[in-house]
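Notes follow once the structure below has been shown.
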Number of protein chains: 2
Amino acid sequence: MKRKITLKQIAKELDVSISTVSKALRNSIEISEDTRQKVQAFAKLYNYRPNNIALSLKNRKTKTIGIIIPEIVHYFFSTVITGIELVANKRGYNVIVGLSNESFDKEVINMQMLANGSIDGFILSIAKETLQQQDYHHFTETINQGMPIVMFDRVVNEIPCDKVIVDDIKGAKKAVEKLVSGGCKNIAIITTKDYVSVGKLRTQGYLEALEDYKMEAKASLILKIEDKLLSNHHLDELESEIEQLFKSNKSIDGIFAVNELYAVTAIKVARKLGLEIPKSLQVVSFTDGVLSKHSTPSLTTVSQHGQEIGEKAADLLINRLEIEEEDEEAEEIYETVVIETNLIERESTK
Amino acid sequence: MKRKITLKQIAKELDVSISTVSKALRNSIEISEDTRQKVQAFAKLYNYRPNNIALSLKNRKTKTIGIIIPEIVHYFFSTVITGIELVANKRGYNVIVGLSNESFDKEVINMQMLANGSIDGFILSIAKETLQQQDYHHFTETINQGMPIVMFDRVVNEIPCDKVIVDDIKGAKKAVEKLVSGGCKNIAIITTKDYVSVGKLRTQGYLEALEDYKMEAKASLILKIEDKLLSNHHLDELESEIEQLFKSNKSIDGIFAVNELYAVTAIKVARKLGLEIPKSLQVVSFTDGVLSKHSTPSLTTVSQHGQEIGEKAADLLINRLEIEEEDEEAEEIYETVVIETNLIERESTK
DNA sequence: TTTCAACACGAAAACGTTTGCGTACCCCAA
DNA sequence: TTGGGGTACGCAAACGTTTTCGTGTTGAAA
C-alpha cells in the first residue's frame, strides 16, 4: 500500500529541489528540457497528482460547491442536483451535499460545517421550518463573510443573492387555463399552507386565472393541506381530507394539485367516488416527475425543468466566483432568473 | 464584507503569538486564565471557526466521504444517500457526491477528482458500463493508495473492500413465492440483461423459486430488457416488448418485475389487453419506491431499505477510517453485509 | 582577463492550523 | 546573591503546493 506520492518525495528521489519538480511538471521554461523530461516521466510512473487540499489552502478556494436542500428523495430536488453536478463538473467543480430535512437547525449546522473553508459558495433551497420562522440570519452572515449564495425554488426576496425560480404564478395559471379550456366549470385547488412560498404562489396563480376567466373563487374549493401530510405515514389523512373536499362539492370537475402526490391521491379518491378521469374530472398537477409520467392515467402537469434550474444556478454561482477572482470589488448586482414552466398534456385532461 | 477571521489576525489584534491563540482556544493549561478569557471572548465576538482546509492538510484527513452513484434521480439511490448523509453527519463527516451517469469514463474521472486528497474514502455503486466492460482498475488503484471503498448494491466480488448488498436472490424468491401462494400458475419475469448484476441475481432467484415449487421455467416467460429502454424516451419500445410477451403467452397470470417501471408499465399494458389486476394478473415489483406506493393499483413490492443500506455503508467506511487511524496496519478483513429485504403487500396481488 | 547576460536551479514565503519544545520571567528558598 | 522550579508564552516545524526572487555556473563579447 503505497501512499499518494508528493512533490517532496519526487524531489528527494530525483535529487532536485521541490520547486524544480513543481516547475518541471508545469512545463516552466525555467527548467531544462532534460530535467523536465526526467521529472515528468517519474511523475507519470508514480501517477502523481497534486494534492487538492494543499491547492485549496494555497489558492484560498476549493473548487467545490455546497448544496443545501430539504430532502433528496424527491424528484424535483434530485433533478436540480443533476443539473448542478453537470455544469459544476464541466467547469471543474465538485459538489458537496447537505440535507436540512426541512429543519431550521440542520440547515444552520450544515451551513456552518461547510462555510469554514470547505466550499466556495452555496446553492440552496430553504427549509420549510426556516420559511416558517423567517429567521434568515445564517444566510446574511455567510453572505457577509464573502461567500456567495444562489437560492432556487424556495427563495426569499430580502436576501441579497442570485436566485433561480420558476414562475409559479404563471405555471399555475397555465394549469388552470388548461382545465378551463377543457370545459371545467368548478375547479378546485389542492395546495399547501401559505408559509410554503411555492404553495402560496401557485394558489395565487390559481386565483388570478379564475379571475381572468371571470370565474368565482370559492373558499370551499381551496384545500390547504398541512405539511406533515406529505409524509407517507399520513396518507390516510390526506385521502380523507380530499374525500371531504369532493363530498362537500359535488360539482367539482377540475382539480389543480400543487404537487404530484396530491394529484394522484385526488385521482385515487375520485375514482373511489365513481368519477371518471378525464371524462367527469380533469386533473393537472405541478412537477413533472415519475408519478406524472408513469401512473395511470398519466398526469397532465406543469413541468418545472429542475435540471435546467440546477444548471442555471450553478452557472450563476460559478460566474460570480470567477468574476470575484479578477475583480475583487465585484458588482453587487444580483440576478433573479426565471425558468419558464410548460404544460405537458397527458391523459388526465381532455 | 469581512473575510473569515484567522488565528493570525486574532494574534495580531491581541498582540500575542499564533500559538497562544490556538492554545487558548483549545483551553490549554499552558495559557493563563486571563489570556484564555481574552482570546476566547475576542474569538467569539468575531465568530472565529478553524479553517477546515488547513485542518485537513495538517491532519491528513478531510472528514469527507465521496459518493459515486450512477444517477441521483432515482428513488433507491437517493434513499441510500439519505442514509449515508444521516450517519456521516452524526459522526462529523461531510458528503461529496459524484454522478457517473452509468458511464465508465465519468466514473473514473469522478474518482480521480476526489481521490487527490478531497476525501477520506468512497461509497459507491458501480456504473452499468463499468460492469459491462469489467474494467475495475480504478477501484483497485484507489484501494492500493490506501483509500478505503465501500460498495453497495451493484458490487463485484473480486474487489477487496467492504460491501453492503441486498439479498437479491432471496428477495426475488419472496416475490415469486407470493405470486405462487396467490395461485399463479404461469409467472413471467421482466428483467434486465445479465450484465446488470442485480438483474441477473433477481432472475436467478426467480428461477430458483420456480424450481422450489416444481414449476417449469420457460424461456418464453423471461423477458430481458435492453438497458436503454429504462430511459423515458424509449417507453414505447418497452411497452411493445411487454405487449409482445403477453400476446405470445396468453396464460400469464403473474408478473415479477425487477423494478417499478417495468411493473407499472406491465400493468398498463395488461389493462389495455383487458386483464384485471389482481384478479386475472398479479404483479410484484422490486424497489419500494414512489410508484409502488402511489400508483393505482399500488404495487406489492420487495423493499430494499435503501436508507438502511446507506447507513450501514457509512458506518462501515467510517469505522474503517477510524480504526486505521489508531492502528496503522489495520486488519484487512473485509465484510459483506446483507440487508434483508421484505415483501410489502399492496393491491397488485391477492 | 574582465564583464555580463542567459540559463538552470534552489531557498523561502505563503495559505491556516496544531503542537513539541525552548525560554524569559518571577518568586521563593537557601 | 544564587539556584531552582513554576508559569506563561513564543518559535518553528509540519501538512503539500506555487511562485517570487536570488544565485551559481557557463559562455561569449569586449
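Order of the sequence lines fixes the chain letters, A, B, ..., with proteins taken first and strands second; residue numbering starts at 1 for each chain. Side chains are part of it too, since the values below use all heavy atoms of this structure and drop only hydrogens, waters and symmetry mates.
- In this structure, His74(B) and Phe76(B) have perpendicular ring planes: the angle between them is above 60°, well past the 30° mark.
- Among the protein residues, Ser19(A) comes within range of the nucleic acid bases, having at least one heavy atom under 4.0 Å from a base atom.
- Rounded to an integer number of Å, the gap from Arg60(B) CZ to dT17(C) C1' is 15 Å.
- A donor-acceptor pair shorter than 3.5 Å can be found between the side chains of Ser17(A) and Thr20(A).
- Rounded to whole Å, the distance from NZ on Lys8(A) to C1' on dG10(C) is 16 Å.
- A donor-acceptor contact closer than 3.5 angstrom links the side chains of Asp120(B) and Thr62(B).
- Within the structure, a side-chain polar atom (N or O) of Ser22(B) is placed less than 4.0 Å from OP1 or OP2 of dT18(C).
- When each of Gln9(A) and Arg26(A) is assigned the nucleotide of DNA chain D with its nearest heavy atom, Gln9(A) is the one assigned upstream, toward the 5' end.
- For the pair Val21(A) and Ala54(A), both in contact range of DNA chain C, the more 5′-proximal nearest nucleotide belongs to Val21(A).
- What separates CG of Asp34(A) from C1' of dC9(C) is a distance of 14 Å, to the nearest Å.
- In this structure, Ile31(A) atom CD1 and dG10(C) atom P are separated by 7 Å, rounded to whole Å.
- Using modelled atom types, one finds no donor on one side chain facing an acceptor on the other under 3.5 Å when comparing Arg60(B) with Asn51(A).
- Within the nucleic acid shown, Ser28(B) has no heavy atom closer than 4.0 Å to any nucleic acid atom.
- In this structure, the CG atom of Asn27(B) is 15 Å from the C1' atom of dT18(C), given to the nearest Å.
- On the nucleic acid side, DNA chain D contacts chain A at distances under 4.0 Å to non-hydrogen atoms, with the end points of that region at dC15(D) to dC21(D).
- Heavy-atom contacts from other residues, nucleotides or ligands closer than 6.0 Å to CG of Asp15(B) number 12 or fewer.
- Rounded to an integer number of Å, the gap from Ile29(A) CD1 to dC9(C) C1' is 14 Å.
- Counting non-hydrogen atoms under 4.0 angstrom, Ser56(A) reaches nothing in the nucleic acid.
- Among the candidates Ile126(B), Ile339(B), Ile309(B), Val337(B), the single residue satisfying the side chain to side chain contact (heavy atoms under 4.5 Å, CB included) test with Phe152(B) is Ile309(B).
- In this structure, Leu7(B) reaches the bases: a heavy-atom distance under 4.0 Å links it to at least one base atom across the strands shown.
- Rounded to 10°, the angle separating the first-five-pair axis and the last-five-pair axis of the helix from dT1(C)-dA30(D) to dA30(C)-dT1(D) equals 100°.
- Scored by the side chain to side chain donor-acceptor pair (under 3.5 Å) test, Asn59(A) finds no partners at all (sequence neighbours excluded).
- For the pair Leu57(A) CG and dA14(C) C1', the interatomic distance rounds to 9 Å; values are reported in whole Å.
- Counting atom types as modelled, Ser32(A) pairs no side-chain N or O with a base atom of dA8(C) as donor and acceptor under 3.5 Å.
- As a whole-Å value, the separation of Lys58(A) NZ from dT17(C) C1' is 16 Å.
- Counting any heavy atom pair closer than 4.0 Å across all strands shown, Arg49(A) reaches sugar-phosphate atoms only and no base atom.
- Checking His137(B), Gln132(B), His138(B) one by one against Asp135(B), the side chain to side chain donor-acceptor pair (under 3.5 Å) holds for a single residue, His137(B).
- Using a 3.5 Å distance cut-off with no hydrogens or angles, the side chains of Glu141(B) and Gln145(B) do not pair a donor with an acceptor.
- Remark: Arg320(A) does not engage Glu335(A) in a salt bridge, criterion side-chain N to carboxylate O under 4.0 Å.
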